[in-house]
*Asks:* 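Have a look at this one before I ask anything.
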Amino acid sequence: MRVGRKILLVGGVPILIAAAIAAAGWLLLAQEERARGGAVLAGQVDRVLALARMVRDDYVGARSSERAAHAERFLALTAEAGTGLDGLKAYVRTADQTARIESAQGALARYVVRMRDFVRVTRENDALVSEMTTRAGRLVELADRARLRQQASNADLVLSLTEKVRRLSATREVIAGINGVRAGAVEAGAAQAAEPGGAATGPPAGQRLREAARTLAQALQAQGRGREADELAALAEGLTRDRSAARGLVDWSERLLKIDSSGQRTLHEEVAQLLTYAVEANETEQATQNIAVTTLRLGQRTADALGRRDVPAVRAMLGEGERLSARTEALPISPLIQAEMVDAVEGWRKRLTTTVGGLERQNEMLAEMDRLAAAMSASAQSLNDAFIGDAESFGASIRRILLAGATAGLLIGTLVALAVARSITTPLRALQGDMIALAANPAGGQVSGLSRGDELGDIARATHVFVTEIARREQALRRAKDQADAALVDLRQAQSDLIQAEKLASLGQLVAGVAHEINTPLGLALTTATVVRDETRVFDEALAAGQLSRSRLTHYVGRVREGALLLCTNLARAADLVHGFKQVAVDRVSDEQRRFPLDAWLDELLASLMPLLRQGGHAVSRTCPPLTVETNPGALAQVVTNCVTNAVVHGFAAGRPGHIAVTVAELRPGTIRLEIADDGRGIPPENLDRIYDPFFTTARSRGSTGLGMHIVHNLVTAKLGGRITLESRPGEGTRVRIEFPASPAEGERPALAKALG
């Protein structure tokens, strides 16, 4: 039997067992999901019913203006619960579950009917409570009206009492004055009798009598009794002339005293009666005010009792209402107001009696709704428990089937796998031993099992072919490797020769630049020396002939001074050029690293390139902050020279001068960025990917070798330890961006980080 069939047998038996387990498990899982769906729906119905009961309680405790919204929400929730109960019929599995659903639906229908009745009775009671509130308010209003009327009556009574008290005080003053006059008259009569001859009264008795008479007269005048005051004045005047006049004054005083004493007693009685009336009126006003206060308190207590749905407390309010009616009937107030107050109290009591009946019916309805809600909740809970029980039962069955099937599948699969593995591993081990031996010595022997008809025989035959072919190819690869190594050595030598040739070519350009640049200051110096020589010869001839004048001497000194200045200037310039060119030349041929100021070094390098730039009228500008670097100046000079040369040769059209900008900046601490940008014609997009390829050039007819940018790339990456990028668009010029470390230590860090990463 082939290995594929054996493996199919090993995998097929567990797969068949797993398929049977999966089919049974799928059926049981479907039943379990159905049961769990029913449990979830039953739980949702239970939560909706509990929420409906809470909404019903909110309806009971809400104000009458807010109850409509709670009633609508209650009906919506019960409708949702009814829909849920209808949906549960799709999940039932037994007749008992169906009976429970129907029982819950019946209880829900009765629950909704009772709630509708409760809403109707509540509306009736709210109307009665509103009328009771109106009646209580009317009673308070009538009590306030009666109290205000009593207050007005009390004010009139106070005015009368004040007047009576004033009159009583005035009467007291008159009586006091009468007593004073009478006493003075008696004293004056006694004094006259004691005087010889009955002379008229004199001081001091006469003086006291006159004072008393004047006081009494003023009191009488204050009461509007002018006639009696005049009589008093006449009697008092007669005392000075007639002795018997004192007796007449006494008689007049006693008569007036009797009259005023009688009036005083009458006023006392009237004041006492008015005080009694005032006390009774104040008590009536207080009682009327107490009626209003009692009405307000009774209304508040009744509202609290109704809010608590406390029937005994509400009945107790009926008794208090009856006592309030009796107190109202006993009030000594206006009969019309009293009748209206009694009617308001009785109307309030009648509506409270009706409200008590409605409240009792409401409590009965609430109790019945609580029983129905409990029954519905119990039904929903029992359905939830039943569905959960079914789900757990199906889950247990699934676990048992999975356990039994997995055990049987594992046992059978293990036995089959062991048998098949034994039939496969034995020849495999033999094949393994042969292959290990062949790996150590491919020519050491052959693979066993070549005659087998299964996959292992195919592997043995293929392995024999592979070993034979590998041995043959190994020999060919060794020959090819030797040839490649020789070619690589030749290629490296050629590359080194090319780089050296490029350096020599660059050095040749440098020498040409030296010759051109130094030629100008040396020519000027030579011309100046010739002029000074001629002037000296003429001056010497004039001196020898004795014809030297002051003006000629002055002229000669000026010409010599000017010539010396020109000589010094041009020779110094030539010396500077030689020194700069010497440094650049040394850097070009040296591969050593050194530390140098980059800005000064760049100026010297660009100065050496000026002959190349002046040929086409090109301009160069450089931007470089004062930076000091430690790198290979020869490689860096070769890079800048090649980039500038490429810009002159390839970037600018013939006869059209251009501009090259060399910009240096510190990209970040330890990293230098060098950019060489031109405003030439740019590089076509199809040539950008080949710009660094060796021997690729578009100006071979003009003598270009195609190695300039290839050498630049190698020098930047190998010598300077940096990287190079190039950006170019046709018609917009080319920008070469070179980033290299400022010192060897800075260049080693990125390389080390890259190696470690």
Side-chain angles (χ1 to χ4, degrees), residues 491-511 513 580-609 612 620 622 624 627-649 660 662-667 670-677 691-695 704-726 734-751:
L491 180 60
R492 287 178 177 173
Q493 183 61 39
Q495 184 178 16
S496 178
D497 294 342
L498 287 173
I499 292 175
Q500 189 64 27
E502 188 71 19
K503 286 184 178 181
L504 292 176
S506 177
L507 192 58
Q509 292 179 354
L510 178 63
V511 171
F581 289 150
K582 178 182 177 182
Q583 185 63 48
V584 172
V586 170
D587 288 339
R588 295 258 181 113
V589 298
S590 174
D591 286 335
E592 295 181 357
Q593 290 188 351
R594 67 182 178 87
R595 188 175 184 86
F596 58 92
L598 185 59
D599 51 346
W601 176 89
L602 188 59
D603 289 338
E604 294 175 355
L605 178 63
L606 294 178
S608 68
L609 297 176
L612 175 66
V620 64
R622 73 93 175 162
C624 180
L627 296 173
T628 300
V629 298
E630 183 178 357
T631 186
N632 190 324
L636 186 58
Q638 190 69 41
V639 168
V640 176
T641 301
N642 284 13
C643 290
V644 173
T645 303
N646 268 5
V648 172
V649 174
I660 300 173
V662 180
T663 305
V664 179
E666 189 173 17
L667 180 62
T671 300
I672 305 300
R673 171 181 285 178
L674 171 65
E675 291 187 356
I676 302 172
I691 200 68
Y692 301 121
D693 293 349
F695 305 109
S704 296
T705 61
L707 293 173
M709 293 306 295
H710 174 69
I711 292 174
V712 167
H713 183 274
N714 289 340
L715 290 175
V716 170
T717 56
K719 294 287 187 180
L720 300 180
R723 61 177 183 173
I724 181 172
T725 57
L726 186 143
T734 303
R735 181 182 299 273
V736 179
R737 183 179 292 113
I738 300 166
E739 296 177 6
F740 61 93
S743 64
E746 298 294 339
E748 291 172 1
R749 288 196 201 114

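Numbers for residues simply follow the sequence, beginning at 1. Here the structure is a predicted model, which means the values were calculated and not measured.
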*Asks:* Within the 4.5 Å heavy-atom criterion, are L667 and I672 side-chain neighbours or not?
*Replies:* no

*Asks:* For a 4.5 angstrom cut-off between non-hydrogen side-chain atoms, does V629 reach W601?
*Replies:* no

*Asks:* Can you list everything that forms a side chain to side chain contact (heavy atoms under 4.5 Å, CB included) with D599? Sequence neighbours excluded, please.
*Replies:* P597, R622, C624, P626

*Asks:* Nearest 0.5 Å, what's the OG-CZ distance between S743 and R595?
*Replies:* 7.5 Å

*Asks:* Find the distance between CZ (R737) and OG1 (T725) and round it off to the nearest 0.5 Å.
*Replies:* 5.0 Å

*Asks:* Rounded to the nearest 0.5 Å, how far apart are CD1 of I738 and SG of C643?
*Replies:* 4.5 Å

*Asks:* Mind checking the CD-CG spacing from Q638 to L605? Nearest 0.5 Å is all I need.
*Replies:* 10.0 Å

*Asks:* Show your working on side chain to side chain contact (heavy atoms under 4.5 Å, CB included) between V716 and F740 and close with a plain yes or no.
*Replies:* CA-CA 8 Å; V716 170; F740 61 93; 5.7 Å; no

*Asks:* Let me know which of V644, V736, I724, L715 forms a side-chain contact (heavy atoms from CB on, under 4.5 Å) with V639.
*Replies:* L715

*Asks:* Do the non-hydrogen side-chain atoms of V712 and Y692 ever get within less than 4.5 Å of each other?
*Replies:* no

*Asks:* So, do E630 and R594 sit near enough that their side-chain heavy atoms are less than 4.5 Å apart?
*Replies:* no

*Asks:* Can you tell me how far apart CG (L674) and CG (L602) are? Round to the nearest 0.5 Å.
*Replies:* 7.0 Å

*Asks:* With heavy-atom distances below 4.5 Å as the criterion, would you say the side chains of L598 and T628 are in contact?
*Replies:* no

*Asks:* With sequence neighbours excluded, what pairs up with I691 under the side chain to side chain contact (heavy atoms under 4.5 Å, CB included) test?
*Replies:* I683, M709, L726

*Asks:* Between I676 and T663, is there a side-chain heavy-atom distance shorter than 4.5 Å?
*Replies:* no

